[in-house]
Structure formats: structure tokens, C-alpha cells
2 protein chains.
Amino acid sequence: MSPQRPYHHGDLRRAVLSAALDVIAAEGPSAVSLRDLARRAGVSHAAPAHHFKDRTGLLTAIAAEGYAMLATALDEAKDLRDAGVRYVRFAREHPAHFQVMFAPELLRENDLELTTARALAGKHLRDAVAAVPSSGRGPDARLAGVAAWSLAHGFATLLLSHNLEGPMGDRDPEEVFRTLTGMLFARTSGSD
Amino acid sequence: MSPQRPYHHGDLRRAVLSAALDVIAAEGPSAVSLRDLARRAGVSHAAPAHHFKDRTGLLTAIAAEGYAMLATALDEAKDLRDAGVRYVRFAREHPAHFQVMFAPELLRENDLELTTARALAGKHLRDAVAAVPSSGRGPDARLAGVAAWSLAHGFATLLLSHNLEGPMGDRDPEEVFRTLTGMLFARTSGSD
DNA sequence: CGGGCAATCTAGTCACTGTCAAGTTCCTGG
DNA sequence: CCAGGAACTTGACAGTGACTAGATTGCCCG
């Protein structure tokens, strides 16, 4: 099929995105080159620019997509612990998205699609925090959210940068994280 | 003096490092260019390569320096909480180092200076965890370390990526972090 | 059925980058 | 005083992102 490569690629946008995700997961965001992605997709060197305008535009699109996926994942969480587990799982299953999402200097921060997706993900995260009975709306509600987010985010980040392979051995990361939340939040639920 | 720029710069290595740190703090590691650093230092475009060989070599040197500084900071910590506070403080005071330290794809991982500095920092971190009375050496000692590290690292990372400015307002980050550790570790010290 | 139009892609250019190889200047040790 | 090496310069090459003008294609509307 594809006689001898038709003039129109078909779905170049998706192809470039997916190739970019591969490269980022393997060698980090700084290794993505529009020309290289074009080569992989079998199109001319400037074709990707028509879909993303910029290198920054491409990365911004990836980040926005990531926040959208994270938002739906968090939306289905039963409680705060489940949200944390889903956060970590998301980072493991979509490492490329995760990396780009938290590299603000690579993104066009005023991009509409990005900001709305991020806001939605943030809302679902706050909802999960608010759903914890005790910390419903104390003055520390925000701080509890920061604590939970820090724990999950730090764990996910250290995981992706291969810093937990020593201490964790070959245990399942999700299980380890679940244990961690148990250790930390066990008795804090009814603190005051 | 310095007639009209002597042939030898004097301390080009330090000058390039410091310029690189400025750029990284302002625009991230992907914005550093050896040629730009050379221009800032007022030397020819290839001079920096003599001290660092590579772009990767430069970043590796920065990471190693960062781990060394972090190691001394952690070494002076009184207890685990203090170590966490120092970890966060280090990230705030040396954001450029911190970013590069945890971007493995930008570094020469087999560099001797880097690996030894990192090992030393890791040792001091484990020491701080082991110094907690209860979790001296239970089977969960490692997990406690992972929990503490995740919390501090996540907090520091979110701080540097400007994700905590909303929830924290203009409170002092170190104070907030101290509160967090109080919330989480308050009653876990004598768990079993 | 077919003209035209917009989306898509090609091809060429420019300024910039990292890296290499070969020179030049300076300092130091013998 | 003068070899030799370290610090730096100069020049060149391939690869990059961004931009432009132009070619090709599919498709809508008459």
C-alpha cells in the first residue's frame, strides 16, 4: 500500500507528535529536532512547521495533550490516595508528556489550549484533596494539597530520573507509592 | 588595568560556569550555548571547549558541583526535618544546579567527579534518614527515606517550576515546607 | 464534470550552533 | 635563556530552527 508515498501524508500531525514522544522518552526534550521528526515521517524538513509553527509550538501541544490526559485520569479517582496513584501511573505511562508538562521554559505559556487543559487538571486535583473528610476546608486545606502533590510529584520525578532504582529494588512502583501514602497519612486524617 | 584584554583570561573556567548558571536559571538548560558563553566572557567561540570539552561536559561539571554543595549542606543537618529544609533551600538558592542535577540525559553519567559527588550526597541523605530514632533500621527504613526524599524533592521541583505560587501565596517557602513535614510526620515517629 | 481554492508539502536560504584541526601567544620549569 | 606545554584564536564543516516562495493535491461548489 501507500503506492509510492502520496503527496499528502495523511495524518502528519499525529505522526510527528508520536515520533516526538518517542524521542523525548528516549533522550529527553532537548533532543527533539523538527528536521529529524520530518525525516522519520518521510516528509520534507519544513512540513512539521505547518502543523505546529514552532519547536515551542510542538512541545506546547504535547504538554496540553498531557494535561488533558492527566485531567481525565484524575477525574476518575475515588479518593486522594487513588489520585496520587494515578498521578504516578500517568508519569510512568507517559513519561514524555510528563517531562514536557513541567518544563515551562520550553513552552508557550500563554497558549490557550495549554492553560485551559492545565486549569482543568488542577481543578480535579484540588477536588481530590477537598474530598478528604477531615481537611475539608480548614486553613490547612491548601497545605494538605501541596503536601499530597509534592509527595506524588517528587516520587514520579525521582522515578523518571532513575533515582529510585537503588532503594526500591525491583518492586512495583505503584505498590511502593501506596505504602508510602500509608506511612505518611495513616494517622493524620483526624489530626485537628 | 587589564591592558586591553590579555591573551589569557585568567579564570575562564569559573567565568563560563558562572555565565552558564545565569542562563540556566533564567531560561533553562536548553538555552545554554557554548558560543554565547564565550561571547559573554569576551573570548573566542571555541575557548570554553578547552575547559569542558563538550556542552555535555560543561553541564556535567555543573551537576557535580551541585552535588558537592548539596552534600556539604546535608552534612550539617541536625535531623531529618532539617535535612529536608536544607534540601529545599539548596534548590531555591541554586536553581540552575538543581535543574541540571536531575536531568540525566544532559549529563555524562559515567563521569568520575559526578558519580563520586552524587554518591556522597546520597550517603548524607541516608544518614539523615537513619538518624530518626524509630525508623533506625526497620524493613521500612528505605521506604521512609524514599518518602522523605520524594516530599522534599517534589516540593522543590514544583517550587522551581512556579507551580506553588497560587496555593502558597507569598508565604516563605521554607516555613511552608516545615509545616508540611509537621503535618505528615507528626505522629508517624513511633508507628511500630 | 471541471474550475478554482485552500490545505498541505517541497525546496532553498539565512543565521546560528557544536565540534574539530591547526595555528598563536604566553608562562613555567629546567 | 629557552624548550615545551597550557591557554586561547582562527577557520572550517555539518547540522539545526526559522522563514520564504512555489509546487502539488484533494475537494467543494457551480
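Letters go in sequence order (proteins before strands), and every chain restarts at 1.
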Hey, does the side chain of A/H50 come within less than 4.0 Å of C/dT10's phosphate (OP1/OP2), counting only N and O? no
Show your working on salt bridge (charged side-chain N to carboxylate O under 4.0 Å, His left out) between B/R118 and B/D111 and close with a plain yes or no. CA-CA 11 Å; B/R118 175 185 285 160; B/D111 180 89; over 6 Å; no
Roughly how many Å is it from CZ in B/R108 to C1' in C/dG18, rounded to a whole number? 13 Å
Listed in order of residue number, which residues of residues 16-25 of chain A have a non-hydrogen atom at under 4.0 Å from DNA chain D? none
For the pair made of CG in B/D11 and P in D/dA7, what is the distance, rounded to whole Å? 11 Å
Taking the six-membered ring for Trp and the full ring for Phe, Tyr or His, determine whether the centres of A/H153 and A/F98 are under 6.0 Å apart. yes
If every non-hydrogen atom of A/G28 is compared with every non-hydrogen atom of A/Q99, which pair is closest and at what distance? CA-OE1, 4.2 Å
Residue among A/L17, A/L12, A/V16 satisfying side-chain contact (heavy atoms from CB on, under 4.5 Å) with A/R14: A/L17
Within this structure, what is the NE2-to-P distance between A/H45 and C/dG12, rounded to whole angstrom? 9 Å
Close N or O pairs between protein and nucleotides 14-16 of chain D (under 3.5 Å):
unit_1, atom_1, unit_2, atom_2, d
D/dT16, OP1, A/R39, NH2, 3.4
D/dT16, OP2, A/R39, NH2, 3.2

Rounded to whole Å, the CG-C1' distance (A/L106 to D/dG17) equals 14 Å
Distance, rounded to the nearest Å, where B/R40 contributes CZ and C/dT17 contributes P: 11 Å
Could you walk me through whether B/F102 and A/L158 satisfy the side-chain contact (heavy atoms from CB on, under 4.5 Å) test, starting with their C-alpha distance in whole Å, then the side-chain angles of each, then the deciding distance to 0.1 Å, before giving a yes or no? CA-CA 8 Å; B/F102 294 96; A/L158 291 175; 4.2 Å; yes
NA contact type, A/A46, heavy-atom cut-off 4.0 Å: base, sugar-phosphate, or nothing? base
Once you round it to whole Å, what is the distance between C1' of D/dC8 and CZ of B/R13? 16 Å
Counting C-beta onward and ignoring hydrogens, is there a side-chain heavy-atom pair between B/L59 and B/I24 closer than 4.5 Å? yes
Calculate, to the nearest 0.5 Å, the distance between atoms OH and CG belonging to A/Y67 and A/L114 respectively. 7.0 Å
Just how far, in rounded Å, is P of C/dT17 from CG of B/L37? 10 Å
Could you check whether the rings of B/H94 and B/F90 sit parallel, tilted or perpendicular, using 30° and 60° as the cut-offs? tilted
Among D/dC8, D/dA18, C/dC9, the nucleotide that comes nearest once only the side chain of A/D54 is considered: D/dA18
Look at the rings of A/W149 and A/Y87 and say which category their plane angle falls in: under 30° parallel, 30 to 60° tilted, over 60° perpendicular. perpendicular
